[in-house]
Every structure is written in structure tokens, then in C-alpha cells.
Student: 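Supplied in C-alpha cells, the structure appears directly below.
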Amino acid sequence: MMLVIDASVVLKWYLPEDDIGFADQLTSEDFELHAPELMIAEIGNVLWKKRRIGNIDSIQSQLIAEGFIQQNIKYHSLRNLLTPALLGANEFGQTV
């Protein structure tokens, strides 16, 4: 099954948060994971912030970043996602 994921889901793989069980299920081979390229920067910014406020140390942030990069996620240019994202937002009343 193809799923589009965002940074909040990925971070649940590495940091203790709510709904971690659901997020962990997505790492199985049953799912083909897709994400906009922007997610890479979003993950980096969250790791930087968590390091800055002392929730994780610099070694943990590097290990999480390296683990994240190894995940089997297909990235898509934001340019190609605007039209379908806007259609979905309009149809379902969600943000782009």
C-alpha cells in the first residue's frame, strides 16, 4: 500500500511520542512510503531544536539523522506535488 508520510510520523520511529505503535507498523514491507523532499529539512530542524533544548544530545541527533536517511522513502519534488496536494486539500478540507 502506498502512503504519503510527514516528519511527525518519521520522528515517532526515533523519539518517544504518542501513537508510536502505528508509526512503527509503517516500516514493514507492506507499505511503500512517499514524502515531499521538504521533509528532509523538517527532520533536520526538529533534531536541531531537540538538541538545542536538551532533549537529545548531538550523538543521538546524528544517529537519528543517519537512520532516517537509510529509510526506504521515495521523495518527490514539491513542484510536482502542488497540484495534487491542493486538490486533496480542497476536497478534504485540510492544509496543503
Side-chain angles (χ1 to χ4, degrees):
M1 172 190 294
M2 185 182 95
L3 290 176
V4 177
I5 59 171
D6 66 9
S8 66
V9 170
V10 170
L11 289 166
K12 291 177 191 301
W13 297 339
Y14 303 100
L15 301 169
E17 295 186 14
D18 294 336
D19 300 328
I20 195 165
F22 173 73
D24 281 344
Q25 292 174 8
L26 300 181
T27 60
S28 80
E29 292 183 14
D30 296 335
F31 298 100
E32 181 181 313
L33 303 178
H34 294 257
E37 283 184 315
L38 179 61
M39 186 171 74
I40 296 167
E42 290 174 332
I43 296 290
N45 283 329
V46 169
L47 293 175
W48 169 80
K49 182 178 180 181
K50 291 201 175 278
R51 164 64 183 102
R52 188 168 176 241
I53 62 175
N55 288 37
I56 59 176
D57 61 33
S58 59
I59 293 172
Q60 288 173 302
S61 69
Q62 290 298 319
L63 290 173
I64 292 169
E66 291 169 14
F68 160 63
I69 293 300
Q70 299 300 317
Q71 294 294 331
N72 190 19
I73 301 170
K74 295 180 182 178
Y75 294 99
H76 300 273
S77 165
L78 292 175
R79 177 179 294 177
N80 299 329
L81 296 177
L82 177 58
T83 300
L86 185 57
L87 287 171
N90 288 334
E91 183 175 343
F92 299 107
Q94 65 186 29
T95 62
V96 171

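Excluded from the calculations below are hydrogen atoms, water molecules and symmetry mates; all remaining heavy atoms, backbone and side chain alike, are included.
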Student: What residues form a side chain to side chain donor-acceptor pair (under 3.5 Å) with D6, not counting sequence neighbours?
Tutor: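 Once residues adjacent in sequence are excluded, the partners of D6 under the side chain to side chain donor-acceptor pair (under 3.5 Å) criterion are S8.
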Student: Which heavy-atom pair separates L11 from L47 by the least distance, and what is that distance?
Tutor: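 Scanning both residues completely, I find the closest heavy atoms to be CD2-CD2, 4.4 Å.
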Student: Look at the aromatic rings of F68 and Y75 and report parallel, tilted or perpendicular, splitting at 30° and 60°.
Tutor: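 Judged by the thresholds at 30° and 60°, the geometry between F68 and Y75 is perpendicular.
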Student: Per the salt bridge (charged side-chain N to carboxylate O under 4.0 Å, His left out) rule, what does the pair list look like for residues 72-84, sequence neighbours excluded?
Tutor: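 Passing the test, one end in residues 72-84: E32-K74.
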Student: V10 and I69: same hydrophobic cluster, using ILVMFWY side-chain contacts below 4.5 Å?
Tutor: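 Cluster IDs for V10 and I69 match.
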Student: Extract all donor-acceptor atom pairs below 3.5 Å that involve side chains of residues 87-96 and protein atoms in other chains or at least two apart in sequence.
Tutor:
residue: N90; atom: ND2; partner: L86; partner atom: O; Å: 3.3

Student: Can you get from L63 to W13 by hopping between Ile, Leu, Val, Met, Phe, Trp and Tyr side chains that sit under 4.5 Å apart?
Tutor: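 No, L63 does not connect to W13 through the hydrophobic network.
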Student: If I take atom CD from residue Q71 and atom CD1 from residue I5, how far apart are they, to the nearest 0.5 angstrom?
Tutor: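 Between Q71 CD and I5 CD1, I get 8.0 Å after rounding to 0.5 Å.
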Student: Working to the nearest 0.5 angstrom, can you tell me the gap between Y14 OH and I43 CD1?
Tutor: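 One finds 8.5 Å between OH of Y14 and CD1 of I43.
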Student: Is there a path of hydrophobic side-chain contacts, each under 4.5 Å between heavy atoms of I/L/V/M/F/W/Y residues, joining I40 to V4?
Tutor: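 Different clusters: V4 never reaches I40 through Ile, Leu, Val, Met, Phe, Trp or Tyr contacts under 4.5 Å.
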Student: Enumerate the residue pairs fulfilling salt bridge (charged side-chain N to carboxylate O under 4.0 Å, His left out) with a member in residues 36-49, sequence neighbours excluded, ordered by first and then second residue.
Tutor: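 As it turns out, there is no salt bridge (charged side-chain N to carboxylate O under 4.0 Å, His left out) pair with a partner in residues 36-49 once direct neighbours are skipped.
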Student: Which residue pairs pass the side chain to side chain donor-acceptor pair (under 3.5 Å) test with at least one member in residues 51-69, sequence neighbours excluded?
Tutor: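 Pairs touching residues 51-69 that pass the test: none.
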Student: In this structure, are over 12 heavy atoms from other groups packed under 6.0 Å from I59 atom CD1?
Tutor: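 No.
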Student: Testing V9, N72, I73 one by one against L33 for a side-chain contact (heavy atoms from CB on, under 4.5 Å), which residue passes?
Tutor: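 In the set V9, N72, I73, the residue that makes a side-chain contact (heavy atoms from CB on, under 4.5 Å) with L33 is I73.
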Student: Can you list, by chain and residue number, the hydrophobic cluster partners of W48 when the side-chain cut-off is 4.5 Å?
Tutor: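 Members other than W48 - counting any ILVMFWY side chain reachable under 4.5 Å - there are none.
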